[in-house]
Amino acid sequence: VITARGGGLTDLLGEYYAALAAGDPGRLPLAADVRFTENGQRIAIGTGLWATADGSAGTRAVAVSEEAYGPGGTAGSVAGWGMITEGGGGGGDGEDGGGGTDALLGVRLKTTGRAISEIETLVVRRAPFGRTTFPERLLEPSAAMAEILAPADRCPREDLIKAADGYLDGVSRDDADLIPAADDCVRIENGLQTVLNPGGEGFPETFVSSGGLGGLGLGVRAQIRTLAFRYIEDIRDRRFVAADTERGLVLVCCFFDHPGKVRGAGFDSPIAAPNSMLIWELFKVAGGLIRRIEAIGAAFPYGMRAGWRPTGSSPP
Amino acid sequence: VGRVSESLQERRAYLYSYADRYFELLPSGGHRQLPIAAGVVFTENGQRLRLGQGLWATATGAARTRAVTVLDGPAGQIAAWGMVTEAGQDAILGVRLKADDEGLIDEIDTFVVRFNDMASTFAGRGLLDAGRLASPAPGLLDLVDEAERPSAAELRRAADGYLDGVSGGDAGLIPVAADCPRIENGVQTVLRTDGSLPGREPNPATAMGVAQQVREGVTRHIAAARDRGMYLTDPSRGLIMVRFFFDHPGAVRGWPGRAPFAGPNSMPAWEVFKVRGGLIRHIEAIIAWFPYGYRWSAGSAGTEEP
């Protein structure tokens, strides 16, 4: 029973990262028929990142869990992301020169109470926005996300999902009015702040925001009003995988479809070739408004699917 | 049976014009002008899309001739690859077309090799010789003398022998001539006289032949040649094509070999072998870098189990 191991599902997530760094999935309470995906591909446990990982940060940047207590123990879902290293344990004269290479790893676990039945992972192997390194921020827990809300600021699970859905609708339809975001809402993507960041802190000089040079300085809704995100065709296959009403958190896993520079589109897409970006986006909602967004994501072949059936808004 | 196949091969020669037409129409997005069957199934890079999406929406140009073409008349299929431009950037397009009994295209599989692509799992820029791929590979379509002509089964054994040998590290499985060139994305990757791939560090392996590279362990980072399919054969020209994935597990803990990639990836490939007198004489391939474990049939077979 997982609860006997310690502090519930968030601890289990930490155990996953530790087992991964040791290359030992046998440490985890895996169900016999556990389903595992890495970057949308269903592969055997022990392969993929399990075979190459050789280190893990001590803490996750964000984590969210949704628990249900039953006779089997703590069932439910937990997800989060943090930094790991891979490839340093092989003999390789790899691109990195033989040391380990940093990567950002998102993990989602579903447990039956006794065993882990689902493992979904998203490995971001490229440093973001043309950087050569991942931002330091990803090594530390996000205090703002972990904060427990005053009871008056909380809302039911369905409302958390509605707020996140509104955001995704607004971004994909270029309609800021659909987005219930506070004007001072911060958004962190792969460790960099992509709104209200007029100085472009963390971004390399080569980076050009799709909203023009001033785009990074705007807020979430103001960016949408500049039509800077017209290149996003659709945000599909949304899965609301965990919600925490005490902290006002909801995590959605979804794909952003980018058709690329389409002939005759009437605007210039910053993304040339078609791709679909698998994005895990965590929203913090308080008093009915989105206060903070943290997300990770990576680009994959256009039209790719996650390997998991979209669940809509059903609980874990 | 042989005669029937030959006559089918001739009767299906119109498929050459379908491949030409596909590339011609691409930059204008004119897919509706193709002879398409209702319910045509279209995939790009393993994902099922609507015809008109993907490269059909972004292509800005196409070479007038294809580097590689394989016609399998009895199967009613043709595969070809050549250069295109997408938003002004070079890319390689592989197309497989299948026609139904009425000559209408009912299956289209495409493989788009993009460079500097966000979705590539290879952090560097892949090698490309666009000039070489802009015109037909010399000799590839030459007819093979009957005395040296392989059967469809022999072609299949040669292609599978190559893939088994490369992924299993056993050169003895590969029926290949010592002077067999291999061209990948337009770049010759064996028997080079200049000692390196264009723009890369000197690498003695580039001077070796196909079998020698396998004997010397150059291909040890390849764990499998998986998800093989789409075999097209043309015995009269000694040609067979296959698509598959090379699995690269990456720099696996405790593995002493050389791993060109730190993280795992799977390399999609369409590969054509020309076989004469029982030996592979020429290899042409197009390759890219996708997530580890990717499948060609992801779009059509569906992976969204609960």
Side-chain angles (χ1 to χ4, degrees), chain A residues 23 35 37-44 47-49 51-54 85-96 98-101 103 118 123 125-127 237 258-265 269 271-277 298-311, chain B residues 27-29 43-49 53-55 57-60 86-89 91 112 114-124 221 223 247 249-266 268 288 290-295 298-299 302-306:
Chain A
R35 195 169 192 285
T37 63
E38 177 174 309
N39 290 347
Q41 311 307 316
R42 190 166 180 185
I43 58 177
T47 66
L49 182 62
T52 55
D54 52 15
T85 60
E86 71 174 327
D93 47 354
E95 287 163 359
D96 52 88
T101 302
E118 295 183 5
V123 193
R125 292 190 163 96
R126 286 193 190 195
D237 294 355
H258 304 135
K261 290 187 192 293
V262 173
R263 288 182 312 272
S269 163
I271 294 173
N275 71 47
S276 289
M277 201 171 270
F300 295 104
Y302 184 66
M304 199 180 89
R305 296 180 177 89
W308 300 90
R309 183 172 290 161
T311 52
Chain B
S28 61
T43 70
E44 177 173 301
N45 293 348
Q47 303 302 325
R48 189 161 172 180
L49 304 178
Q53 289 185 300
L55 183 66
T58 52
T60 47
E86 176 178 60
Q89 301 284 312
V112 188
R114 299 179 163 104
F115 298 85
N116 270 356
D117 177 11
M118 288 174 74
S120 173
T121 50
F122 179 46
H221 63 286
D247 279 338
V252 172
R253 275 183 311 279
W255 190 62
R258 175 181 176 275
F261 312 100
N265 69 51
S266 288
F290 286 177
Y292 187 71
Y294 203 91
R295 294 174 181 84
T303 53
E304 301 197 300
E305 300 153 42

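Just so we're on the same page: letters track the sequence lines, and every chain starts at 1.
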- Item | From Asn39(A), Val123(A), Thr37(A), residue fulfilling side-chain contact (heavy atoms from CB on, under 4.5 Å) relative to Pro291(B) | Asn39(A)
- Between chain A and each of Ala59(B), Ala119(B), Gly263(B), Gly88(B), count heavy-atom pairs under 4.5 Å; write down the option with the most. Ala119(B)
- Of the backbone (N, CA, C, O) and the side chain (C-beta and beyond), which part of Ser266(B) lies under 4.5 Å from a heavy atom of chain A, both, or neither? neither
- Item | Options Arg126(A), Lys261(A), Glu38(A), ranked by heavy-atom pairs under 4.5 Å with chain B, top entry | Arg126(A)
- Item | Minimum heavy-atom distance between Asp117(B) and Ala273(A), given as atom pair plus value | OD1-CB, 4.4 Å
- Query: Quick one: what part of Ile271(A) sits under 4.5 Å from any heavy atom of chain B, side chain, backbone, both or neither?
  - Reply: side chain
- Task: Identify which of Gly250(B), Pro27(B), Ser28(B), Ala223(B) forms the greatest number of heavy-atom pairs closer than 4.5 Å to chain A.
- Result: Pro27(B)
- Query: Which value, rounded to the nearest 0.5 Å, describes the distance between Met304(A) atom CE and Tyr294(B) atom OH?
  - Reply: 6.5 Å
- Using non-hydrogen atoms only, which part of Pro301(A) is less than 4.5 Å away from chain B: side chain, backbone, both, or neither? both
- Checking Phe290(B) against chain A: side chain, backbone, both or neither under 4.5 Å from a heavy atom? side chain
- Message: For the backbone of Thr60(B) and the side chain of Arg263(A), can you confirm whether one donor and one acceptor N or O come within less than 3.5 Å of each other?
- Response: no
- Query: Looking at Ser120(B), Ala91(B), Pro249(B), which makes the most heavy-atom pairs under 4.5 Å with chain A?
  - Reply: Ser120(B)
- Message: Checking the side chain of Arg125(A) only, and the main-chain atoms of Ala262(B) only, is there a donor and an acceptor separated by less than 3.5 Å?
- Response: no
- Query: Does a side-chain heavy-atom distance below 4.5 Å link Thr52(A) with Pro264(B)?
  - Reply: yes
- Shortest non-hydrogen separation from Met277(A) to Met118(B) and the atoms involved: CE-CE, 3.4 Å
- Against chain A, label Ala288(B) side chain, backbone, both or neither, depending on which of its atoms sit under 4.5 Å from a heavy atom there. neither
- What part of Glu86(B) is in contact with chain A, defined as an atom under 4.5 angstrom from a non-hydrogen atom: side chain, backbone, both or neither? side chain
- Could you tell me whether the side chain of Pro274(A) reaches within less than 4.5 Å of the side chain of Gln53(B), counting heavy atoms only? no
